[in-house]
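So the structure is just underneath, and the comments pick up after that.
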Amino acid sequence: MSNVYGLPEDALIKIRERDTECVYCHKEMTIPKNGDDRRNWATIEHMNDQPPFNDPTTVAICCGSCNSSRGVKKLLIWFESPYCKQRNISLVTVAGPVKKYITEYEM
């Protein structure tokens with residue numbers, strides 16, 4: 001059975017187990033989403049900016065701040081933003097699934 005993201009539930013569980021901190025800035029996130037501070041909520045991140053969005057290899061978990069800042073920008077372009085520069089977010093510092101995605105889809 002799939003969820004609102006179109007992912008099989010077992011794939012989403014594996015992604016949540018893998019991504020225990022933000023895949024970009026590495027901060028701890030609030031799970032489940034609660035409270036008013038959405039910046040720290042664990043959110044589903046579609047690393048690809050166009051369909052299909054239900055491919056587990058293109059999905060990660062990141063904090064609400066990073067998800068909101070990135071929007072639909074390509075990752076390598078987003079890494080050049082003031083937001084990423086202030087937080088030392090780059091191809092070198094992001095988590096493995098993001099590096100793999102960039103290598104396979106954006107380079």
Side-chain angles (χ1 to χ4, degrees):
M1 179 174 180
S2 64
N3 47 44
V4 297
Y5 308 105
L7 292 165
E9 196 60 36
D10 62 328
L12 185 57
I13 289 168
K14 288 178 183 174
I15 293 166
R16 289 188 185 280
E17 288 172 351
R18 177 194 70 200
D19 302 338
T20 59
E21 60 183 24
C22 177
V23 294
Y24 300 123
C25 72
H26 303 287
K27 74 177 171 184
E28 278 188 48
M29 299 173 289
T30 305
I31 303 170
K33 299 175 189 175
N34 60 25
D36 293 332
D37 193 358
R38 294 176 183 219
R39 297 174 296 173
N40 296 322
W41 287 4
T43 63
I44 296 293
E45 167 70 335
H46 295 93
M47 293 180 278
N48 53 331
D49 60 353
Q50 53 190 339
F53 296 118
N54 61 350
D55 180 350
T57 65
T58 66
V59 174
I61 307 295
C62 72
C63 70
S65 291
C66 287
N67 201 336
S68 178
S69 171
R70 180 177 168 236
V72 296
K73 297 175 197 83
K74 294 247 184 232
L75 287 166
L76 293 175
I77 293 170
W78 179 58
F79 292 163
E80 296 301 317
S81 72
Y83 177 91
C84 288
K85 290 184 183 286
Q86 290 171 351
R87 290 161 182 79
N88 193 33
I89 298 170
S90 69
L91 181 57
V92 174
T93 64
V94 295
V98 180
K99 290 177 185 175
K100 183 176 181 184
Y101 171 81
I102 290 171
T103 302
E104 292 180 8
Y105 297 99
E106 287 195 20
M107 294 186 124

**Message:** On a heavy-atom basis, which atom in Pro56 and which in Leu7 lie closest, and how many Å separate them?
**Reply:** N-CD2, 3.8 Å
**Request:** Could you pull out all residues at least two apart from Asn67 that satisfy side-chain contact (heavy atoms from CB on, under 4.5 Å)?
**Result:** Thr43, Glu45, Cys62
**Message:** Test of understanding: clusters of I, L, V, M, F, W, Y form through side-chain heavy atoms closer than 4.5 Å, transitively. Do Phe79 and Met107 belong to the same one?
**Reply:** yes
**Straight-line distance of Leu12 CG to Glu17 CD, nearest 0.5 Å** = 10.0 Å
**For the student: nearest non-hydrogen atoms of Pro97 and Asp19, plus distance** = CG-OD1, 4.0 Å
**Request:** Please list all pairs passing the salt bridge (Lys or Arg N to Asp or Glu O under 4.0 Å) test where one or both residues lie in residues 53-67, with sequence neighbours left out.
**Result:** none
**Complete:** Heavy-atom nearest pair, Arg16 first then Ile44, reads NH2-CD1, 3.9 Å
**Prompt:** With Lys99, which residues qualify under salt bridge (Lys or Arg N to Asp or Glu O under 4.0 Å), at least two apart?
**Reply:** none
**Request:** State which residues pass side chain to side chain donor-acceptor pair (under 3.5 Å) with Glu106; sequence neighbours excluded, sorted by chain then number.
**Result:** none
**Asked** What residues form a side chain to side chain donor-acceptor pair (under 3.5 Å) with Ser81, not counting sequence neighbours?
**Response** none
**Request:** Starting from Ile13, walk the hydrophobic network (Ile, Leu, Val, Met, Phe, Trp, Tyr; side-chain heavy atoms closer than 4.5 Å) and list everyone else you reach, by chain and number.
**Result:** none
**Fill in**
Between His46 and Val59 the two heavy atoms that sit nearest each other are CD2-CG2, 3.9 Å
**Prompt:** Stepwise, does the side chain to side chain contact (heavy atoms under 4.5 Å, CB included) test hold for Trp78 with Cys66?
**Reply:** CA-CA 10 Å; Trp78 179 58; Cys66 287; 4.0 Å; yes
**Residues forming a side chain to side chain donor-acceptor pair (under 3.5 Å) with Ser65, sequence neighbours excluded** = none
**Request:** Could you note down all residue pairs passing side-chain hydrogen bond (donor to acceptor under 3.5 Å, both in side chains) where residues 85-96 supplies at least one of them, sequence neighbours left out?
**Result:** Glu80-Lys85
**Request:** Quick one: do Ile89 and Val94 satisfy side chain to side chain contact (heavy atoms under 4.5 Å, CB included)? Show the steps, please.
**Result:** CA-CA 6 Å; Ile89 298 170; Val94 295; 3.9 Å; yes
**Prompt:** Got a sec: does the NZ of Lys73 have more than 12 other heavy atoms crowding it under 6.0 Å?
**Reply:** yes
**Message:** Hydrophobic cluster membership, with links at side-chain heavy-atom distances under 4.5 Å among I/L/V/M/F/W/Y: are Trp41 and Val23 in one?
**Reply:** no
**Message:** The criterion is side chain to side chain donor-acceptor pair (under 3.5 Å); which residues satisfy it with Lys27, sequence neighbours excluded?
**Reply:** Asn40
**Request:** State the SG-CG distance between Cys84 and Leu76, to the nearest 0.5 angstrom.
**Result:** 10.5 Å
**Request:** Identify, with sequence neighbours excluded, every residue that meets ring-ring contact (aromatic ring centres under 6.0 Å, His included) alongside Tyr101.
**Result:** Tyr105
**Prompt:** Should Tyr24 and Leu91 be counted in the same cluster of Ile, Leu, Val, Met, Phe, Trp and Tyr side chains packed under 4.5 Å apart?
**Reply:** yes
**Message:** Holding to salt bridge (Lys or Arg N to Asp or Glu O under 4.0 Å), I want the full list of residues that pass it with Arg18, two or more places apart in sequence or in another chain.
**Reply:** none
**Over all atoms of both residues, closest heavy-atom pair of Ile61 and Ala42** = CG2-CB, 3.8 Å
**Complete:** Correct closest heavy-atom pair for Ile15 and Ala60 would be CG2-CA, 4.1 Å
